[in-house]
Trainee: 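Below you'll find the structure I mean.
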Amino acid sequence: MSTDQTVVTRFAPSPSGHLHVGGARTALYNWAFARKHGGRFILRIEDTDRKRSSDQAGLAFLDDLRWLGIDWDEGPEHDGCGGGETGPYHQSQRLEIYQRFIDQLIKQGRAYPAFETPEEIDAARERARQEKRNYRYDRAALQLDAATVQQYLDEGRPHVIRFRMPDDREITVNDQVLGEVTKSSNEYEDFVIRKADGYPTYHFAVVVDDALMNVTHVIRAQEHLNNTHRHLMLQEALGFPHPTYAHLSVVANPNGSKMSKRDKDKALRAAVLERQIASPPQIGDGLAVREEEWSWWMEDPDRQLETDAANALAEVLDVQLPEINVDDFRRSGYLPEVLINYLALLGWNPGGDIEKFDAAFLCEHFALDRVIKSPARFDREKLLAFNLDALQEMPENDFAARLRHHAERYHPAFLDKLGEEDFATFAAANQSRSKTLDDCFRSDRFFVMDDDQITYEVNKSVRKALVNGEPNGITHLEGLLHALRDLKTWDSESIEAAVKQYTDEHADGKLGKVAQPLRIAVTGGTVSPAIFDTLKILGRESTLARIERCLLQKDEITQPVS
RNA sequence: GCCCCGUUCGUCUAGAGGCCCAGGACGCCAGGUUCUCAUCCUGGUAACAGGGGUUCGAAUCCCCUACGGGGUGCCA
């Protein structure tokens, strides 16, 4: 138990690609707790499952953490963070360390080799299930005499090392969020602490690493609550101090189901099935998904596409993937400070009616006793509302800079096409109508299209804007063509003056009567930024070309629709 | 099956025995502003899971039930 020592927390994910929002919240709380107490925050990679680990995948969430503004004092070196005295911080590089403690436990008689194969254990487990018994390892290996054990070991028989769980002990976890949770040691079997491949199991590695890295507070997901009793016994046997524990409830989907990366595949598979797509669609000059992967993926609802393939497929199918990972929210145009605020609030609050706060506030006020016990559903609507507020409050220059960054990463075509000055106008024209940094790129595609690529929507509101009234929209377009062609300077103010003058003279000053026809002519639809800015960015040439093109197609565009 | 945890408006939550016929935020509904979309403004809707206790008094304490979640891996 920590008394007067420095607070040390850690975030210890397994390297499975991008950072999940649930994991992000765990990391955030650990980080904030350490900062609040002037302590240290460690990042550790739990890569003891050889089947699931690859170096490549481990890196992505480091960027995600940094993007959120979370830094770590010890851990893998990345982007100015990490390093430290108690490494290495990849568990796969700490095998000798674990072995030392395994040997110690064996010497103490607290651990022993067991030679059953996984198949044998599975069969025994299955038998127990059918007989409606609770399965627990029967300690058969303890019946082997020393000579036999030695002989097996000499033969090099595959084996695991199991921890000898004490009998008839009441084990109490004093959880900082949930209170005291007591269980009997008899609920637990002699669990495996070293796998047949020589790697430690999670239970063993966490206990050893937390102790060696001087971790004082373990803040982790509630799924580990029942593991903690095991860890307490391990710590006792190894002579380690017990850290303070706090278990966090899960972050769930709006429907209450667990938020999972599989949700993306689910959305994609549904779209594929609904549209009866039989083979991987084309994207650019390749396929969105490789042929072999496609059938493999379609056959089994549990299988998941690689991130790149999933994103590519979503793009061609024009499916909006549910955001699950921090990176998804980044792509969708959420601000990191907003995500942090929302995530922090999902399971903790400073009390009273305070909802909006920044990371500094979190670091100053975060406390375990205000962490909520019950699971929280992730509400995208509220996140979106927070993002909107943040965007609207932002100084114009900041918004423009953020938008530019976002464009560089996700929509470079806008930068190429618009250039410095027009991009600035584009940003200014879009701030007040943006809920995310991505909104305008999706809704304003007409800016980066060639004039002759514009297709006109044929629907009621388009028809209404073009044919209703006397004079009607088509007539206004013809008039505006002249008014705009002769404009001396092409900027928002001049355009506005000219259009307003036209409106006063020909439409009783009702701007809507001329703005909508104009909007349709240059964008193909009824939605765009303020019309004067839109025309300014488009340029005189494109504006006139599009109006002319619209007039040429007026009969098709205005045909009656049911 | 067994064990553990949880349960306030649709959602996130405030609430630590009287301040609560329950407050805020998001959503939703109704009206208003606006060149479209989005904003913005005004108003409104809506909850203590159920049942027993304890107490002068319970959303707050105790018990039971129901429901939700987690664990029961040579995954973490």
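The analysis underlying the following values was restricted to heavy atoms, covering all of them including side chains, and did not include hydrogens, waters or symmetry mates. So you know, we letter chains A, B, ... as the sequences are listed, proteins then strands, and number each from 1.
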Trainee: Which whole number of Å gives the distance between the C1' atom of B:U72 and that of B:C48?
Mentor: 34 Å
Trainee: So A:Lys435, base contact, sugar-phosphate only, or nothing? Heavy-atom distance under 4.0 Å.
Mentor: sugar-phosphate
Trainee: In whole Å, what separates the C1' atom of B:G18 from that of B:U60?
Mentor: 11 Å
Trainee: For A:Ile372, answer base if it contacts any base atom (sugar-phosphate contacts may also be present), sugar-phosphate if it contacts only those atoms, and nothing otherwise; contact means non-hydrogen atoms under 4.0 Å.
Mentor: sugar-phosphate
Trainee: Check for me whether the distance between the ring centres of A:Phe191 and A:His203 falls short of 6.0 Å.
Mentor: yes
Trainee: B:C2 P sits how many Å from A:Asn134 CG, rounded?
Mentor: 9 Å
Trainee: Between B:G6, B:U36, B:C4, which nucleotide has the shortest distance from any of its atoms to the side chain of A:Val527?
Mentor: B:U36
Trainee: Would you mind pulling out the nucleotide paired to B:A30, Watson-Crick or G-U wobble, both distances under 3.5 Å?
Mentor: B:U42
Trainee: In whole angstrom, give me the gap between the P atoms of B:C28 and B:C67.
Mentor: 32 Å
Trainee: For the side chain of A:Pro118, counting heavy atoms from C-beta on, which of B:G10, B:G69, B:C74 is nearest?
Mentor: B:C74
Trainee: Identify whether any heavy atom of A:Glu223 sits under 4.0 Å from a base atom; if not, whether one sits that close to sugar-phosphate; answer base, sugar-phosphate or nothing.
Mentor: base
Trainee: Figure out the CD/P separation between A:Glu46 and B:C75, and round it to whole Å.
Mentor: 14 Å
Trainee: Whole angstrom is fine here: how far is it from CZ in A:Phe446 over to P in B:U36?
Mentor: 15 Å
Trainee: What does A:His224 touch in the nucleic acid at a heavy-atom separation under 4.0 angstrom: a base, only the sugar-phosphate, or nothing?
Mentor: base
Trainee: Could you let me know what B:U7 is paired to, Watson-Crick or G-U wobble, both distances under 3.5 Å, or none if it's on its own?
Mentor: B:A66
Trainee: Select one nucleotide: of B:C4, B:G24, B:U36, the one nearest the side-chain heavy atoms of A:Asn226.
Mentor: B:C4
Trainee: Please measure how far the C1' atom in B:G57 lies from the corresponding atom in B:G17, and state the result in whole Å.
Mentor: 8 Å
Trainee: Please report the distance, rounded to the nearest Å, between CG in A:Leu248 and P in B:C5.
Mentor: 17 Å
Trainee: Tell me what A:Arg220 touches on the nucleic acid: a base, only sugar-phosphate, or nothing, going by heavy atoms under 4.0 Å.
Mentor: nothing
Trainee: Decide whether a cation-pi geometry holds between A:Arg162 and A:Tyr137; the criteria are a distance under 6.0 Å from NZ or CZ to the six-membered ring centre and an angle within 45° of the ring axis.
Mentor: yes
Trainee: State the OG1-CG distance between A:Thr9 and A:Asp210, to the nearest 0.5 angstrom.
Mentor: 10.5 Å
Trainee: Considering only the P atoms, how many Å lie between B:G10 and B:U45, rounded to the nearest integer?
Mentor: 14 Å
Trainee: Determine, step by step, whether A:Met449 and A:Ile454 satisfy the side chain to side chain contact (heavy atoms under 4.5 Å, CB included) criterion, reporting the C-alpha distance in whole Å, the side-chain angles of both residues, the deciding distance to 0.1 Å, and the verdict.
Mentor: CA-CA 7 Å; A:Met449 292 166 73; A:Ile454 300 292; 4.3 Å; yes
Trainee: Give one of base, sugar-phosphate or nothing for A:Gly347, where a contact means two heavy atoms less than 4.0 Å apart.
Mentor: sugar-phosphate
Trainee: Between B:C74, B:G24, B:A14, which nucleotide has the shortest distance from any of its atoms to the side chain of A:Val160?
Mentor: B:C74
Trainee: Quick one: is B:U7 close enough that its OP1 or OP2 comes under 4.0 Å of any side-chain N or O from A:Arg377?
Mentor: no
Trainee: Where the side chain of A:Arg370 is concerned, which of B:C3, B:A14, B:A38 is the nearest nucleotide?
Mentor: B:A14
Trainee: Expressed as a whole number of angstroms, how long is the span from A:Asn459:CG to B:C37:P?
Mentor: 13 Å
Trainee: Any idea which of B:C74, B:U39, B:C12 is nearest the A:Ala376 side chain?
Mentor: B:C12
Trainee: Evaluate salt bridge (Lys or Arg N to Asp or Glu O under 4.0 Å) for A:Glu355 paired with A:Lys382, printing each intermediate quantity in order.
Mentor: CA-CA 11 Å; A:Glu355 282 204 314; A:Lys382 185 155 178 168; 2.8 Å; yes
Trainee: For a quick check of understanding: with a heavy-atom distance under 4.0 Å over all strands, which category does A:Ile531 fall into, base, sugar-phosphate or nothing?
Mentor: base
Trainee: Which base sits across from B:C20 as a Watson-Crick or G-U pair, both distances under 3.5 Å?
Mentor: none
Trainee: Classify A:Glu131 by what it touches in the nucleic acid, base, sugar-phosphate, or nothing, heavy-atom distance under 4.0 Å.
Mentor: nothing
Trainee: So which nucleotide from B:C37, B:U36, B:A14 ends up closest to the side chain of A:Arg519?
Mentor: B:U36
Trainee: Scan A:Ala205 against the nucleic acid and name what it touches under 4.0 Å (heavy atoms): base, sugar-phosphate only, or nothing.
Mentor: nothing
Trainee: Looking at the side chain of A:Lys195, which of B:C35, B:C26, B:C75 is the nearest nucleotide?
Mentor: B:C75
Trainee: In whole angstroms, how far is the C1' atom of B:A25 from the NZ atom of A:Lys356?
Mentor: 8 Å
Trainee: To the nearest 0.5 Å, tell me how far A:Asn430 CG sits from A:Thr425 OG1.
Mentor: 11.0 Å
Trainee: Using a cut-off of strictly less than 4.0 Å, decide whether A:Arg136 has a side-chain nitrogen or oxygen near OP1 or OP2 of B:U72.
Mentor: no
Trainee: Can you tell me the distance, in whole Å, between the CD atom of A:Glu126 and the C1' atom of B:U72?
Mentor: 14 Å
Trainee: Among B:G70, B:A76, B:G6, which is the nearest nucleotide to the side chain of A:Ser14?
Mentor: B:A76
Trainee: By nearest nucleotide on RNA chain B, pick out whichever of A:Phe378 and A:Leu388 is the more 5' one.
Mentor: A:Phe378
Trainee: Select base, sugar-phosphate, or nothing to describe what A:Pro529 touches, counting heavy atoms under 4.0 Å on all strands.
Mentor: base
Trainee: When rounded to the nearest Å, what value does the distance between P atoms of B:C26 and B:C41 take?
Mentor: 10 Å
Trainee: Tell me what A:Thr503 touches on the nucleic acid: a base, only sugar-phosphate, or nothing, going by heavy atoms under 4.0 Å.
Mentor: nothing
Trainee: Determine the Euclidean distance between corresponding C1' atoms of B:C20 and B:A14; express it in Å to zero decimal places.
Mentor: 11 Å
Trainee: Quick check: A:Phe386 with A:Phe329 (ring centres under 6.0 Å apart)?
Mentor: no
Trainee: Got a second to check how far A:Trp348's CH2 is from A:Tyr29's OH, nearest 0.5 Å?
Mentor: 8.0 Å
Trainee: Within the 4.0 Å heavy-atom criterion, would you say A:Gln222 contacts the bases, only the backbone, or no part of the nucleic acid?
Mentor: sugar-phosphate
Trainee: Starting from P on B:G24, measure out to OH on A:Tyr342 and report it in whole angstrom.
Mentor: 19 Å
Trainee: Does B:U55 pair with anything, Watson-Crick or G-U wobble, both distances under 3.5 Å, and if so, with which nucleotide?
Mentor: none
Trainee: What interatomic distance, in whole Å, is found between P of B:G23 and the corresponding atom of B:C5?
Mentor: 32 Å
Trainee: Both distances below 3.5 Å, Watson-Crick or wobble geometry, any strand: find the nucleotide opposite B:C2.
Mentor: B:G71
Trainee: From C-beta outward on A:Ser374, which listed nucleotide comes closest to its side chain: B:C3, B:U7, B:C74?
Mentor: B:U7
Trainee: Across the strands shown, which category fits A:Arg194 at heavy-atom distances under 4.0 angstrom: base, sugar-phosphate, nothing?
Mentor: nothing
Trainee: Categorize A:Asn227 for me: base, sugar-phosphate, or nothing, with a 4.0 angstrom heavy-atom threshold over every strand shown.
Mentor: base
Trainee: Strictly below 4.0 Å: does A:Thr48 bring a side-chain N or O up to OP1 or OP2 of B:A76?
Mentor: yes
Trainee: Taking the six-membered ring for Trp, are A:Tyr245 and A:His224 ring centroids under 6.0 Å apart?
Mentor: no
Trainee: What pair of heavy atoms forms the shortest contact from A:Asn341 to A:Lys356, and how long is it?
Mentor: OD1-CA, 3.5 Å
